[in-house]
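Down below is the structure, laid out as structure tokens.
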Number of protein chains: 2
Amino acid sequence: MNSTMLSSTKIESPWGSRADREAERQIKREAVLRTAARFFNAQGFHATSLEDVAAALAVTKPTIYHYFRNKDEILFECVRLGLEGIRDAACAAEDRGGTGRDRLEALMRQYAMIMTQDFGICVTRTSDDQLGEQSRLRFRELKREIHNHLQSVIKAGMADGSLGNGNARLVAFTVAGALNWIARWYRPDGEMSAETVAHSTVDTLMRGLVPQGASR
Amino acid sequence: MNSTMLSSTKIESPWGSRADREAERQIKREAVLRTAARFFNAQGFHATSLEDVAAALAVTKPTIYHYFRNKDEILFECVRLGLEGIRDAACAAEDRGGTGRDRLEALMRQYAMIMTQDFGICVTRTSDDQLGEQSRLRFRELKREIHNHLQSVIKAGMADGSLGNGNARLVAFTVAGALNWIARWYRPDGEMSAETVAHSTVDTLMRGLVPQGASR
DNA sequence: ACGTTAATTTACTCATCAGTATAGTAGTTA
DNA sequence: TAACTACTATACTGATGAGTAAATTAACGT
């Protein structure tokens with residue numbers, strides 16, 4: 001390539017070095033988070049040292065500290081990604097129209113799917129005592145937000161008659177428990193696909209254990 | 001009291017010093033376990049030092065080591081008590097007669113109740129990476145045993161028609177998730193009694209979310 | 001070429017906490 | 001009273017791991 005072929009003023013690349021760098025940085029941050037989440041899920045938060053994470057990425061610990069303030073921030077970002085995924089699914093479900101039951105079903109399916117993924121699993125396995133004071137508050141805030149969405153969709157369904165009546169708060173906990181628990185037992189390398197698990201779990205919750213149409 | 005009233009050979013007390021001591025020892029062991037379980041539940045296992053536990057009992061760390069080999073043994077004993085409670089409830093439910101559905105309902109109620117208590121909460125909050133190699137195996141063993149009981153009662157109900165058909169393994173996970181989750185949100189000082197929560201959660205699982213008698 | 005900034009390393013510090021060595025005390029037995 | 005055992009405390013060791021200081025290299029803009 002001959003430089004005479006270019007005009008004197010160099011064309012600003014849309015992938016200018018500034019943005020490039022920033023993108024690189026984000027990619028690296030994400031890699032750290034994903035790796036960390038997998039370690040946390042496999043060995044637990046406290047049993048995972050940042051040296052483990054660094055080694056898995058073939059770098060050293062201070063490199064990680066170049067991207068994150070501390071271990072707490074890493075854990076929080078992991079659970080944030082998981083929780084925001086669920087929250088977004090909840091918002092999408094609410095906007096989607098249909099009966100309360102339809103919306104709840106969509107929400108639960110999405111929720112269940114996230115529970116089979118790295119950051120979703122991390123959410124269920126993280127208890128707030130593992131986070132620092134600030135993160136703990138935001139963690140609780142996000143969880144409460146999701147619980148409120150869930151509860152409100154359930155209430156809507158009870159109101160429009162598409163769901164049976166009951167204590168919406170308690171029903172929400174029951175649903176959340178069943179869905180969250182997926183993260184504890186599901187193995188991606190097992191026989192069932194995530195979709196099958198999600199579908200089937202939602203179905204069980206919706207229809208209950210007693211035979212359909214059974215008197216009571 | 002006059003010693004001449006007693007025959008020359010002293011009567012061996014059933015509360016002889018030997019047995020007395022042993023009983024004292026058990027009481028102290030239990031106090032340690034209960035205190036430890038509460039700390040574990042409130043702050044997490046790793047965030048709880050044995051000095052914390054000792055201080056709460058107004059003794060020092062080496063005293064605890066006089067009753068337990070190590071921290072791992074303490075955690076394991078806590079979860080063992082919780083898990084054996086559930087297992088015993090499962091066995092009792094199986095022996096109790098009635099349809100599969102009746103037995104499942106009894107089992108779930110008991111299970112739910114245990115999930116509102118110290119050692120039961122400890123079970124749900126403990127992940128096996130927190131235990132040593134040996135304890136981890138026994139922990140998993142006990143959990144599997146419970147899962148098997150649960151699954152077999154569900155299968156029995158499906159077979160005798162008192163429960164709707166489905167994938168028993170997956171249904172068992174759904175049930176276990178909803179029940180285990182109680183330990184995460186239930187607060188004894190809240191509005192609902194443990195009995196109410198247990199009853200209501202079981203009811204939701206049994207009847208499902210859709211209105212009864214709904215077509216589909 | 002030159003200074004600046006991002007990225008990464010080696011080699012540390014520092015705190016925490018599980019677990020122990022050792023010694024002292026109280027009650028029991030002979 | 002002497003020896004023994006159970007129990008508890010003081011004062012330590014040792015390992016682990018979070019987080020940092022400082023030096024090094026690579027990349028970029030001017």
Side-chain angles (χ1 to χ4, degrees), chain A residues 8-13 15-32 35-36 39-40 43-77 129-135, chain B residues 9-13 15-32 35-36 39-40 43-78 129-135:
Chain A
S8 56
T9 56
K10 194 184 175 193
I11 292 160
E12 265 285 315
S13 158
W15 293 96
S17 57
R18 198 61 154 272
D20 243 3
R21 284 275 201 73
E22 189 53 29
E24 276 279 318
R25 193 180 169 84
Q26 286 308 319
I27 287 168
K28 287 176 182 174
R29 266 182 73 96
E30 253 189 66
V32 171
T35 306
F39 268 98
F40 296 161
Q43 320 183 342
F45 175 69
H46 285 283
T48 300
S49 83
L50 291 189
E51 314 231 38
D52 292 338
V53 178
L57 292 165
V59 292
T60 58
K61 191 167 51 157
T63 298
I64 291 183
Y65 277 91
H66 188 255
Y67 293 91
F68 297 92
R69 241 192 306 283
N70 49 37
K71 200 183 177 185
D72 178 67
E73 187 182 13
I74 293 174
L75 178 59
F76 179 71
E77 286 297 295
D129 51 69
Q130 291 170 320
L131 290 159
E133 205 151 348
Q134 296 303 314
S135 325
Chain B
T9 55
K10 193 185 175 195
I11 292 162
E12 264 285 313
S13 158
W15 293 96
S17 57
R18 197 61 155 272
D20 244 3
R21 287 277 200 72
E22 188 53 30
E24 278 279 321
R25 193 182 169 83
Q26 286 308 319
I27 286 167
K28 287 176 182 172
R29 265 183 72 98
E30 251 188 69
V32 170
T35 306
F39 268 98
F40 296 161
Q43 319 182 342
F45 175 68
H46 285 283
T48 300
S49 83
L50 291 188
E51 315 231 37
D52 292 338
V53 178
L57 292 164
V59 293
T60 57
K61 192 166 52 158
T63 298
I64 289 183
Y65 277 91
H66 189 255
Y67 294 92
F68 297 91
R69 241 193 306 283
N70 50 37
K71 200 183 178 186
D72 179 68
E73 187 182 12
I74 294 175
L75 178 59
F76 179 72
E77 287 297 295
C78 288
D129 51 70
Q130 290 169 319
L131 290 159
E133 205 151 351
Q134 297 302 312
S135 324

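The structure displayed is predicted, hence computed values, not measured ones. Proteins get letters first, then strands, A, B, ... in listed order; numbering begins at 1 in each.
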Atom-pair distance (CD1 on B/Ile64; P on C/dG19), nearest Å: 12 Å
Look at A/Arg25 and C/dA7 and indicate whether a side-chain polar atom (N or O) is within less than 4.0 Å of OP1 or OP2. yes
A/Ile74 vs A/Val53, side-chain contact (heavy atoms from CB on, under 4.5 Å): CA-CA, chis, key distance, verdict: CA-CA 11 Å; A/Ile74 293 174; A/Val53 178; over 6 Å; no
Across all chains, not counting sequence neighbours, the ring-ring contact (aromatic ring centres under 6.0 Å, His included) partners of B/His46 are A/His46
Could you check whether any side-chain heavy atom of A/Tyr65 comes within less than 4.5 Å of a side-chain heavy atom of A/Leu50, counting everything from C-beta outward? yes
Counting N and O atoms only, with roles assigned by atom type, does the side chain of B/Thr63 sit under 3.5 Å from a partner on the main chain of B/Val59, one being a donor and the other an acceptor? no
Between C/dT9 and A/Thr60, is there an OP1 or OP2 to side-chain N/O distance shorter than 4.0 Å? yes
Could you check whether A/Phe68 gets within reach of a base, just the sugar-phosphate, or nothing at all, counting any heavy atom under 4.0 Å? nothing
Euclidean distance, atom NE2 of residue A/His66 to atom P of D/dG19 [Å, nearest integer]: 17 Å
Run the numbers on A/Asp52 and A/Gln43 for side-chain contact (heavy atoms from CB on, under 4.5 Å), then give the verdict. CA-CA 11 Å; A/Asp52 292 338; A/Gln43 320 183 342; 3.9 Å; yes
Expected string for nucleotides 13-18 of chain C under the B/S/- scheme (protein heavy atoms, under 4.0 Å, primed atoms plus P, OP1, OP2 as sugar-phosphate) is ----SB
Taking the six-membered ring of A/Phe76, is NZ or CZ of A/Lys71 closer than 6.0 Å to its centre and within 45° of its axis? no
Atom-to-atom span, CZ of B/Arg29 to P of D/dC7 - whole angstrom: 12 Å
Has A/Tyr67 got a side-chain N or O lying under 4.0 Å from the OP1 or OP2 atom of C/dT8? yes
Whole angstrom value for the distance that separates C1' of D/dC7 from CD of B/Glu24: 11 Å
Whole angstroms only, please: what is the CZ-P distance between A/Phe40 and D/dG17? 13 Å
